[in-house]
Amino acid sequence: MSVQAYAVRDEQRPPDNVLLQVVQRGLRSQPKRLPSWLFYDEQGSALFEQICEQPEYYLTRAEIALLNQHAGDIAQVLGPDVRLVEYGSGHAVKTRLLLEHLATPVAWVPIELSTEPLRRSMEGMAKHFPQLPIQPLAVDFTRPLRLPVPPRAPRRTVVYFPGSTIGNFEEREAAQLLRKMRGEMGDNGGILVGADLKKDRATIEAAYNDRAGITTAFTLNMLTRLNRELGCNFELSAFRHRARYNAMAGRIETHIISQREQRVRVGRLQVLFREDEAMLVEYSCKYSLEDFAALAATAGLAVQRVWFDPEAMFSLQYLTRAI
Ligand code: AVJ
């Protein structure tokens with residue numbers, strides 16, 4: 001393809017420029033880092049679903065077991081006529097378990113940047129709940145939101161944020177995100193948020209280093225994506241996945257490690273990787289109950305209720321306004 005063809009394509013596709021800027025900035029910083037949302041192209045989303053089925057990845061099974069056991073109780077606490085605003089349209093099974101128990105929900109508002117997963121989860125949900133109004137929002141949920149006007153007045157707006165995705169954010173950003181949700185839910189609202197719990201290192205590390213190698217493929221797929229979408233030349237066999245639990249910080253830290261000294265083209269930038277240089281691609285924070293209550297408090301929220309799966313691996317926390 002000619003240089004000109006590239007230029008034209010770039011002009012017509014501003015999202016690529018944003019992507020290039022994000023990636024160049026991350027690869028220029030010291031130490032190098034890339035944001036974890038870059039994992040979720042179509043292939044990455046499919047790999048994540050496979051991760052959820054690995055025997056070592058306990059989070060999804062635990063959260064579903066939790067809902068199987070407690071969805072009735074959770075629905076009672078939330079009460080009737082809830083508007084359920086979901087951050088990420090994610091694993092539809094969880095939302096379904098919840099909605100099945102909610103009394104006369106006003107609407108389900110799934111928020112998901114990529115339109116294809118959004119469309120798919122809407123289709124599935126519409127089949128299960130033909131009466132339920134669905135008001136999708138194809139936007140980035142970390143940005144300020146304008147929620148659609150509900151079809152009738154809800155008694156309460158509940159922001160549902162399952163999966164421990166909150167753990168991907170550093171503490172300050174997580175608090176900021178909770179504060180934003182607090183604004184969106186209003187005075188009488190609540191936040192239902194999944195939070196993975198601190199536990200022994202071996203269990204946590206195994207979850208991010210499955211034996212089948214799916215997590216490795218998921219991590220390295222980020223480079224495949226950058227090769228395809230930005231014309232980078234990452235050589236996949238020269239990088240590897242590393243996920244370690246930092247007990248002091250209470251989080252899994254996932255890095256992509258360069259196995260040798262090498263240069264990679266990122267737009268007009270040449271990026272040098274040293275041998276064994278580590279590039280940070282994800283945090284997955286783990287919480288004690290105290291940790292999470294403290295995080296909620298910094299966002300002006302109080303923990304009303306906490307539910308656990310039968311093995312107490314995972315928690316679902318219900319937060320309301322503290323002040
Ligand atoms: C989707 C953010 C909950 O951090 O556990 C799984 C993503 N990364 N294995 C997590 C993930 C590696 C996952 N979340």
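Sequential numbering from 1 along the given sequence is applied to the chain's residues. Start at 1 and go down the list; that is how both ligands and their atoms are numbered. Predicted model, so just to flag it, every value in this text is computed and none were measured.
- Scanning Y57, F48, Y283 for the heavy atom closest to atom 10 (C) of ligand 1 points to Y57.
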After noting the C-alpha distance and the side-chain angles of E123 and R120, does the key distance pass the salt bridge (Lys or Arg N to Asp or Glu O under 4.0 Å) rule?
CA-CA 5 Å; E123 265 177 22; R120 270 200 294 266; over 6 Å; no
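- Here F161 contributes atom CZ and F141 contributes atom CZ; the two are 4.0 Å apart, rounded to the nearest 0.5 Å.
- Nearest protein neighbour of atom 4 (O) of ligand 1, counting heavy atoms only, is S284 OG, 2.7 Å.
- The aromatic ring centroids of F273 and F239 lie less than 6.0 Å from each other.
- Heavy-atom contacts of F218 reach the following atoms of ligand 1: 8 (N), 12 (C) (cutoff under 4.0 Å).
- Aromatic ring centres of Y160 and Y318: separated by at least 6.0 Å.
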Going through the distances and angles, do K198 and Y245 end up as a side chain to side chain donor-acceptor pair (under 3.5 Å)?
CA-CA 10 Å; K198 284 182 170 157; Y245 186 55; 5.5 Å; no
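- Near Y40, the atoms of ligand 1 lying under 4.0 angstrom from a non-hydrogen atom of the residue are 1 (C), 7 (C).
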Output, in order, the C-alpha distance, side-chain angles, deciding distance and verdict of salt bridge (Lys or Arg N to Asp or Glu O under 4.0 Å) for D81 and R152.
CA-CA 9 Å; D81 304 314; R152 62 190 166 88; 3.0 Å; yes
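- Nearest protein neighbour of atom 8 (N) of ligand 1, counting heavy atoms only, is E282 OE1, 2.8 Å.
- Taking the six-membered ring for Trp and the full ring otherwise, F218 and F39 have centroids separated by under 6.0 Å.
- Taking any N or O of Y208, backbone or side chain, at least one lies under 3.5 Å from an N or O belonging to ligand 1.
- Note on ligand 1: G163 sits in its first shell, one or more heavy atoms being nearer than 4.0 Å.
- Nearest to atom 2 (C) of ligand 1 among the protein's heavy atoms is N168 OD1, 2.9 Å.
- The shortest separation from a heavy atom of W37 to ligand 1 is not under 4.0 Å, leaving the residue out of contact.
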